[in-house]
Amino acid sequence: MTDPATKTAPPPIPTKERLLGVDVARGIALFSMLAANIYDAFDDGNPTLAGMTVTGRSATMFVTVAGISLAFITGGRHPVRGQARRAAAVGVAVRAVLIGSIGLALGYGSGDLDVILPFYGLYFLLAIPLIGRRPRTLAGIAAALVVVGPLIILGATKLGLQPVNDNSLTFTDAVTHPFGFLLQLFVTGGFPAVIYMIYLCAGLAIGRLDLSSTRVAVRLFGGGLALAVVAWFASSALLFDFGGLQHLVAVVGPGADPDTVNNDIIWNADRLPSWWWLTVRSHHSGTPFDALHTLGVALAVLGGVLLATKHRLGRRLLWPVGVAGAMTLTIYSAHALVLGSGVLGDNDDVLYALTVAGALLFALVWRRVIGQGPLERIVSAASGKARRAAMNRQWLARRR
């Protein structure tokens, strides 16, 4: 017999999955991003350890895991459809606006840090039409952006377009330079949507897979590692064997130390108005090789963590990182304010050690005493309320 309550209430909203491996991957991305923000990428014309490892790769992994989270809150392996999908879109939109707003507010107190959260909010808005797409379709969109996105950036560079704010975007930028504000979010900024939607689409596709499967984890690890290595060496061949580096040095022009210029192009390339710029692999460059390499790294780390957390020892060792990974919005926001304050600005090692220790301690205590992180709780409650309201309105409209 049918329960009468099912005739008088809208269908339930799918709950968000919780997978330790994904939380750990997010935590690794978080702590890597903290390192990338605290340590300089270059020192005396030479790349630092941070510049050669976490810089660039941390942000792209952060967004890839965000795509997986988006998949989880919209049905996981079985994406929401129809009425539930429209309600989910409302919830995602509210989530995007809140995260973006937090980022714009942080812009006033983050100093020289380029806060990623306003871009992050935009990615979620742009992903709303993709919620119900199949993994193959999402992978196809990501592949198309690998080609198209860098060309858009190259075109903007040739036109001389510049960001309206060299540091973090703020509400003031949105009011005083609305077109430049949007252009920075999409193209000219440090995390342009035309590139970073590659990672969100890839994450959204991955989140539709069975991430509890050992086979899927192995394929992510092996495929990601192969993609990262092939992209790296293909870029090296074009730069060193086919004359790409010499062409780019010529674009930079004379007057600088040759070794410094070479290191800049290889590890920290500015956006240059040359087709050869598309061959570089340096962090945050947004070239096809940078996109493929960093995506491969993100997939390999995710696959490796999913495999590690299948074992009891791995779960015990990595659990604290996963707890912090579940509170990335709160920890990242606090970190941005600490950097903006300038405290311990002359001792990067101590600042990073204290930041990581403080983040882990806070996350573990807060999790035990209260549960969900403070900013995460606010965003989830608001988006969940909006989603339920949208579901109820649609259900009542259909009843009429």
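Side chains included, hydrogens not; waters and symmetry mates left out as well; all remaining heavy atoms used. Predicted, not measured: the structure shown is a model, and the values here were computed from it.
- A cation-pi geometry, defined here as NZ or CZ lying under 6.0 Å from the six-membered ring centre and within 45° of its normal, does not hold between Arg271 and Trp277.
- Using a 4.5 Å heavy-atom threshold, the side chains of Thr330 and Trp366 count as separate.
- Val280 is connected to Val148 through a chain of hydrophobic side-chain contacts under 4.5 Å among Ile, Leu, Val, Met, Phe, Trp and Tyr, so both are in one cluster.
- The backbone N or O of Met52 sits less than 3.5 Å from a side-chain atom of Arg57, completing a donor-acceptor pair.
- Between Ile378 and Pro374, every side-chain heavy-atom pair lies at or beyond the 4.5 Å cut-off.
- Heavy-atom neighbours of Arg377 CZ from other residues, nucleotides or ligands within 6.0 Å: above the threshold of 12.
- Here Leu117 contributes atom CG and Leu122 contributes atom CG; the two are 12.5 Å apart, rounded to the nearest 0.5 Å.
- For the residue pair Arg316 and Pro320, the shortest heavy atom distance occurs at O-CD, 3.7 Å.
- Counting non-hydrogen atoms of other residues, nucleotides and ligands closer than 6.0 Å to NZ of Lys385 gives a total of 12 or fewer.
- No donor-acceptor pair closer than 3.5 Å links the side chain of Asn37 to the backbone N or O of Leu34.
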Evaluate side-chain contact (heavy atoms from CB on, under 4.5 Å) for Phe124 paired with Leu200, printing each intermediate quantity in order.
-> CA-CA 8 Å; Phe124 269 51; Leu200 196 90; 4.2 Å; yes
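- No donor-acceptor distance shorter than 3.5 angstrom exists from the side chain of Ser383 to the backbone of Val94, with no hydrogens or angles considered.
- For the pair Thr48 (side chain) and Asp43 (backbone), a donor-acceptor distance under 3.5 Å is absent.
- Heavy-atom minimum distance, Thr53 versus Leu49: OG1-O, 2.6 Å.
- The shortest distance between side-chain heavy atoms of Met61 and Val297 does not fall below 4.5 Å.
- Taking CD1 from Ile153 and CD1 from Ile195, the interatomic distance works out to 4.0 Å, rounded to the nearest 0.5 Å.
- In this structure, Ser380 and Gln372 have side chains that are in contact, with non-hydrogen atoms separated by less than 4.5 Å.
- Neither Val54 nor Phe31 shares a network with the other; the hydrophobic side chains, linked directly or stepwise wherever heavy atoms of I, L, V, M, F, W or Y lie under 4.5 Å apart, form separate groups for each.
- No donor-acceptor contact under 3.5 angstrom links the side chains of Asp290 and His283, judged on distance only.
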Please test Val115 against Ile102 for side-chain contact (heavy atoms from CB on, under 4.5 Å), starting from the C-alpha separation and ending with a verdict.
-> CA-CA 10 Å; Val115 176; Ile102 291 170; over 6 Å; no
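- Note: Asn167 CG to Asp112 CG = 5.0 Å, rounded to the nearest 0.5 Å.
- Nearest heavy atoms, Leu360 versus Ala324: CD2-CB, 4.2 Å.
- Nearest heavy atom pair, residue Ala390 against residue Ala87, reads CB-CA, 4.0 Å.
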Step-by-step side-chain contact (heavy atoms from CB on, under 4.5 Å) determination, Leu278 to Leu238 | CA-CA 10 Å; Leu278 295 172; Leu238 290 169; over 6 Å; no
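- Val97 and Phe181 are assigned to two separate hydrophobic clusters, defined by single-linkage of ILVMFWY side chains at heavy-atom distances under 4.5 Å.
- Taking all atoms of both residues into account, the shortest heavy-atom contact from Leu239 to Thr279 is CD2-OG1, 3.4 Å.
- Using a 4.5 Å heavy-atom cutoff, the side chains of Leu169 and Leu104 are in contact.
- Counting only distance, with no hydrogens or angles, the side chain of Ser285 and the backbone of Arg281 share no donor-acceptor pair below 3.5 Å.
- Interatomic distance, CG of Asp173 versus CG of Asn165, reported as 4.5 Å (0.5 Å rounding).
- Within 6.0 Å of CZ on Arg85 lie more than 12 heavy atoms contributed by other residues, nucleotides or ligands.
- Linking ILVMFWY residues whenever their side-chain heavy atoms come closer than 4.5 Å, directly or via other members, leaves Leu317 and Trp319 in distinct clusters.
- More than 12 heavy atoms of other shown residues, nucleotides or ligands fall within 6.0 angstrom of atom CZ in Phe171.
- More than 12 heavy atoms of other residues, nucleotides or ligands shown are found within 6.0 angstrom of OH on Tyr108.
- Contact check for Pro118 versus Gln184: no side-chain heavy atoms found under the 4.5 Å cut-off.
- Using modelled atom types, one finds no donor on one side chain facing an acceptor on the other under 3.5 Å when comparing Asn268 with Asn263.
- Judged by distance alone, with hydrogens and angles left aside, the side-chain atoms of Gln162 form no donor-acceptor pair with the main-chain N or O of Thr188 at under 3.5 Å.
- Cluster annotation: Leu354 and Leu361 are assigned to the same hydrophobic cluster (Ile/Leu/Val/Met/Phe/Trp/Tyr, side-chain heavy-atom contacts under 4.5 Å, transitive).
- Summarising the geometry, atom CG belonging to Leu306 is positioned 9.5 Å from atom CG belonging to Leu20; distances are rounded to the nearest 0.5 Å.
- There is no side-chain donor-acceptor pair under 3.5 Å between Tyr39 and Thr55.
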Evaluate the side-chain contact (heavy atoms from CB on, under 4.5 Å) criterion for residues Leu272 and Thr157: first the C-alpha distance (whole Å), next the side-chain angles of each, then the deciding distance (0.1 Å), finally the verdict.
-> CA-CA 7 Å; Leu272 299 172; Thr157 303; 5.8 Å; no
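- In this structure, Ser282 contributes its side chain and Ala269 its backbone to a donor-acceptor pair below 3.5 Å.
- Ring geometry for Tyr196 versus Tyr123: interplanar angle under 30°, hence parallel rather than tilted (30 to 60°).
- In this structure, Leu106 and Leu113 have side chains that are not in contact, with every pair of non-hydrogen atoms separated by 4.5 Å or more.
- To the nearest 0.5 angstrom, Glu376 atom CD is 9.5 Å from Arg95 atom CZ.
- With contacts defined as side-chain heavy-atom distances shorter than 4.5 Å, the pair Leu154/Lys158 qualifies.
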Stepwise ring pair (Phe, Tyr, Trp, His ring centres under 6.0 Å) test for Phe62 and Tyr120 = CA-CA 10 Å; Phe62 194 57; Tyr120 197 88; 5.4 Å; yes
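- Under the 3.5 Å distance criterion, the side-chain polar atoms of Arg208 are matched with a main-chain donor or acceptor of Gly76.
- Summarising the geometry of Ser274 relative to Val251, their closest heavy-atom pair is CB-CG2, 3.8 Å, with the distance given to 0.1 Å.
- Residue-environment remark: CG (Asn347) exceeds the threshold of 12 foreign heavy atoms within 6.0 Å.
- Using bins of under 30°, 30° to 60° and over 60° for the plane-to-plane angle, the ring pair His247/Trp276 lands in the parallel bin.
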